[in-house]
Visitor: 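Pasting a structure below so you can have a look.
Quantities reported herein were computed from a predicted structural model and do not represent experimental measurements. In what follows, chains are A, B, ... by sequence order, proteins preceding strands, each numbered from 1.
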Protein chains: 4
Amino acid sequence: MEASRPDTSTRILDVAERLFVEHGFEATSLRMITQQAEVNLAAVNYHFGSKDALFESVFMRRLAPLIADCLAELDKLEAEASEEKLAVEGLVLSFIRPCLSLSKDPSRGGAMFVRLLSRTLVENHRLLRETISQQYSVFVQRYSRAFQRALPMLDTEQLAWRMHLAFSVMFNAFAGNDVLKIFTRSQIVSARDPDMIVKYLVPFVMAGLVAPMEG
Amino acid sequence: MEASRPDTSTRILDVAERLFVEHGFEATSLRMITQQAEVNLAAVNYHFGSKDALFESVFMRRLAPLIADCLAELDKLEAEASEEKLAVEGLVLSFIRPCLSLSKDPSRGGAMFVRLLSRTLVENHRLLRETISQQYSVFVQRYSRAFQRALPMLDTEQLAWRMHLAFSVMFNAFAGNDVLKIFTRSQIVSARDPDMIVKYLVPFVMAGLVAPMEG
Amino acid sequence: MEASRPDTSTRILDVAERLFVEHGFEATSLRMITQQAEVNLAAVNYHFGSKDALFESVFMRRLAPLIADCLAELDKLEAEASEEKLAVEGLVLSFIRPCLSLSKDPSRGGAMFVRLLSRTLVENHRLLRETISQQYSVFVQRYSRAFQRALPMLDTEQLAWRMHLAFSVMFNAFAGNDVLKIFTRSQIVSARDPDMIVKYLVPFVMAGLVAPMEG
Amino acid sequence: MEASRPDTSTRILDVAERLFVEHGFEATSLRMITQQAEVNLAAVNYHFGSKDALFESVFMRRLAPLIADCLAELDKLEAEASEEKLAVEGLVLSFIRPCLSLSKDPSRGGAMFVRLLSRTLVENHRLLRETISQQYSVFVQRYSRAFQRALPMLDTEQLAWRMHLAFSVMFNAFAGNDVLKIFTRSQIVSARDPDMIVKYLVPFVMAGLVAPMEG
DNA sequence: CATGAATGAGCTTTCATTCAT
DNA sequence: CATGAATGAAAGCTCATTCAT
């Protein structure tokens with residue numbers, strides 16, 4: 001029985017991932033994590049060293065493959081488009097699709113992580129600045145160059161702002177928090193339904209990116 | 001001398017506002033607040049009753065006037081437009097303008113609060129759900145109806161999503177956290193400069209709101 | 001009733017003093033201290049800030065007066081002897097007497113402290129090096145000069161060594177630990193009896209200090 | 001390659017010896033030991049059973065030969081002196097010489113141990129009382145009888161005190177902790193230099209032992 | 001023979017809160 | 001009106017030890 005029970009490290013990571021999303025890093029105690037993961041309290045420090053390091057492990061477990069997927073899609077797009085203009089929609093989808101497939105992870109851990117990622121970036125979390133910058137900066141640079149090719153009419157500042165706004169709204173959509181409390185009682189079952197996200201999010205982001213400039 | 005030093009309650013509120021933005025609610029201890037405010041530790045509980053209640057006070061001090069300002073602008077718009085179609089841009093600005101004037105508060109407290117508001121909504125903070133719903137729900141209802149008039153071609157679900165996305169990106173822009181770390185080394189001095197925000201944010205949000213539907 | 005019960009800080013200091021002597025600093029937990037002092041565990045950090053700071057407080061409470069007493073005796077000796085040669089025995093007693101009167105403290109706290117002082121010096125405790133050097137270095141300088149006057153035939157190195165050895169044996173005698181386990185079963189009730197100490201210790205130290213040089 | 005690397009047990013003993021001296025028994029964790037010794041954490045319990053037992057092993061590895069050396073010197077002295085009076089200086093040197101030759105151990109382990117021995121005795125460590133009494137009591141008894149022969153004019157109590165004081169100061173000198181912080185900045189390179197110790201220590205101890213009685 | 005994993009107990013410290021004054 | 005003192009709870013972390021392999 002329970003032959004499929006994941007090992008200690010994995011159970012800790014899974015529970016921590018969920019609790020960090022639900023309550024935030026600070027409000028999640030190691031005791032909450034270890035009780036739900038049914039492991040000894042000291043196991044966290046044994047396997048990860050500290051609460052901070054646990055956060056980093058939770059983060060990196062999923063971030064590295066996610067970024068790799070995005071960059072792979074980007075590679076493909078750039079190869080296909082070669083000398084032609086890159087399509088904005090392709091770029092947007094090259095980011096959204098890997099996020100969505102992570103969201104559809106049957107164990108639900110992936111969906112948790114997408115929300116954790118969004119929340120962490122939006123909060124500008126302390127632990128993010130210190131450790132994750134390396135991997136993430138490659139990601140940002142690649143997308144910056146790609147968007148530059150796709151939207152050549154925008155100057156550097158314009159482009160930076162539009163990317164900033166576009167990724168903000170995408171991350172927030174994935175975070176699944178309803179800032180307007182609109183969906184709480186509506187028939188729309190869940191703002192976190194992946195297909196809903198793509199249906200409504202993509203046109204919104206696209207329009208914002210290609211909008212004519214003011215004046 | 002020191003006639004301009006605010007009283008105990010106000011000093012607590014000001015410091016708490018800043019620290020809640022900088023470190024988040026959980027990571028901000030009453031000791032941090034009372035030390036920086038140079039008041040007795042027990043003063044917080046004396047004046048506000050609890051840390052939760054302090055948060056609510058911090059929040060309400062600015063939220064009520066802010067919502068009032070927004071609704072006043074909305075009243076004016078609706079009066080002017082009466083039977084005509086409401087302009088989307090007017091609606092967007094009726095929200096952004098009060099936020100910006102708060103951001104320009106010379107004591108900087110207002111700017112702090114706008115970030116706190118954004119951060120709290122994005123985090124979907126526990127204390128928000130419990131206490132602030134009343135005032136906030138009036139705000140949401142008024143804007144929902146106004147956008148319904150301004151964008152009659154959208155069905156309920158479409159409209160809900162677009163508002164959700166639009167307010168997400170606006171709140172995030174005000175929160176001032178750069179999810180892409182794009183602005184850190186660029187010549188763009190600060191992503192939090194209010195006028196930059198309106199220059200780039202409004203066209204983006206407008207375009208997203210009025211975008212043609214997919215398919 | 002219990003009108004004479006010392007206040008929280010004092011109770012903590014008294015118990016800590018005893019336990020630090022009995023078990024050493026590291027082996028004494030705050031729980032041991034607070035349980036015996038019948039105070040809340042958090043009281044230590046409230047009143048002293050940390051375990052390290054508690055140690056320093058325990059130490060300084062008695063060290064400052066003790067050093068003051070020694071230096072007062074030294075002042076008197078130097079005033080009396082003015083141009084004459086200082087008597088070695090006087091110097092030795094100017095240190096031993098204040099230690100002994102502390103040892104005879106009816107509350108026994110003083111006796112504890114003399115042992116703590118000895119033990120701490122002999123262990124060369126980490127906390128000693130950092131904090132207590134100031135006061136202590138004045139003490140050392142004054143005695144160094146006095147012994148130089150009392151033993152002018154010794155060169156600097158000789159004098160340093162003899163003082164080192166003399167104070168070592170005095171501190172050890174006050175520490176009351178029987179390195180030879182000689183007294184354990186003997187009729188000598190206690191190696192810590194202050195008068196015994198002076199009876200046997202003074203001649204031993206004196207002889208060592210004034211011994212003819214080798215060769 | 002690395003043929004000279006000692007085996008696991010020895011590496012643990014060597015590191016433990018040093019760390020026990022540097023930080024004391026309680027403040028030295030098994031993790032510190034096993035990390036520096038580059039062995040598995042469980043190896044300590046595997047090879048020695050417990051931290052207490054490790055301490056005992058560290059202690060006994062060197063104490064047994066040291067005591068044997070001292071007693072051998074004592075045997076020789078007593079054989080030579082047979083019916084004559086035993087020379088005090090010979091007795092003192094019969095203890096100091098083995099300690100010094102241990103101090104000069106080229107691997108420095110011996111020097112560490114002499115300091116550990118001194119420190120442990122001066123601290124009156126718990127583990128000392130329980131385990132080491134057997135061997136040590138033989139040592140004490142032999143020296144007690146020898147000093148009785150060498151100093152027949154002293155009554156039992158006098159003798160016990162003088163031995164107590166004499167061994168105290170010798171142990172402290174070997175411990176190498178400068179209670180007066182005199183040597184820190186002086187030209188005297190190190191209070192732990194073995195030859196310095198014998199040059200200054202022996203006359204001091206001798207004088208104290210043979211001092212005329214008070215009054 | 002040795003080790004990676006795990007554990008229960010305990011550590012110091014900080015928390016928000018209360019209360020007598 | 002305000003505060004110094006005190007408190008119970010809980011925090012993150014480290015401890016020596018055990019055990020299956």
Visitor: For DNA chain E, which residues of residues 17-43 of chain C approach it to below 4.0 angstrom with any heavy atom?
Guide: T28(C), S29(C), L30(C), R31(C), L41(C), A42(C)
Visitor: Indicate, with yes or no, if the rings of F59(B) and F113(B) have centres closer together than 6.0 Å.
Guide: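 For F59(B) and F113(B), the ring centres are under 6.0 Å apart.
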Visitor: With sequence neighbours excluded, what pairs up with A64(C) under the side-chain contact (heavy atoms from CB on, under 4.5 Å) test?
Guide: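 With sequence neighbours excluded, A64(C) shows a side-chain contact (heavy atoms from CB on, under 4.5 Å) to Q135(C), given in chain and number order.
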Visitor: Checking the side chain of T28(A) only, and the main-chain atoms of L19(A) only, is there a donor and an acceptor separated by less than 3.5 Å?
Guide: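 The answer is yes, because a donor-acceptor pair under 3.5 Å joins these two groups.
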Visitor: Answer yes or no: is there a donor N or O on one side and an acceptor on the other, between the side chain of R119(B) and the main chain of V21(B), under 3.5 Å?
Guide: yes
Visitor: Which nucleotide in the set dA5(E), dA2(E), dT13(E) lies at the smallest distance from any side-chain heavy atom of Y46(A)?
Guide: dA5(E)
Visitor: Expressed in angstrom and rounded to an integer, what is the separation of D7(A) atom CG from dA20(F) atom P?
Guide: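 Roughly 19 Å, once rounded to whole Å.
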Visitor: How long is the line joining CD1 of I12(D) and P of dC1(E), in whole Å?
Guide: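 Taking CD1 of I12(D) and P of dC1(E), I get 14 Å after rounding.
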Visitor: Does H47(C) make a side-chain N or O approach to OP1 or OP2 of dA6(F) shorter than 4.0 Å?
Guide: yes
Visitor: Determine the interplanar angle of the F55(D) and H125(D) rings, folded into 0 to 90°, and report it as parallel if under 30°, tilted if 30 to 60°, perpendicular if over 60°.
Guide: parallel
Visitor: According to the Watson-Crick and G-U wobble definition with distances under 3.5 Å, which dot-bracket string, read 5' to 3', encodes DNA chain E, using [ ] for crossing pairs and | for pairs with another strand?
Guide: .||||||||||||||||||||
Visitor: Quick one: does T10(D)'s side chain have a donor or acceptor within less than 3.5 Å of a partner on P6(D)'s backbone?
Guide: no
Visitor: Main chain of S29(B), side chain of K51(B): is a donor-acceptor contact present, judged purely on distance under 3.5 Å?
Guide: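 Side chain of K51(B) to backbone of S29(B): no pair is present.
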Visitor: Within the structure, does a side-chain N or O atom of T8(B) lie under 4.0 Å from either OP1 or OP2 of dC1(F)?
Guide: no
Visitor: Starting from P on dA11(F), measure out to NZ on K51(A) and report it in whole angstrom.
Guide: 9 Å
Visitor: Grab the CZ-P distance between F48(A) and dA5(E) for me, whole Å please.
Guide: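 Spelled out: CZ on F48(A) to P on dA5(E) is 11 Å.
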Visitor: Atom CG of N45(C) to atom C1' of dT7(F): distance rounded to whole Å?
Guide: 13 Å
Visitor: About how many Å separate CG of L117(A) and CE of M112(A), when rounded to the nearest 0.5 Å?
Guide: 14.0 Å
Visitor: Reading DNA chain E from 5' onward, which residue's closest nucleotide shows up sooner: S9(A) or G49(B)?
Guide: S9(A)
Visitor: Any side-chain heavy-atom pair from R11(B) and V39(B) closer than 4.5 angstrom?
Guide: yes
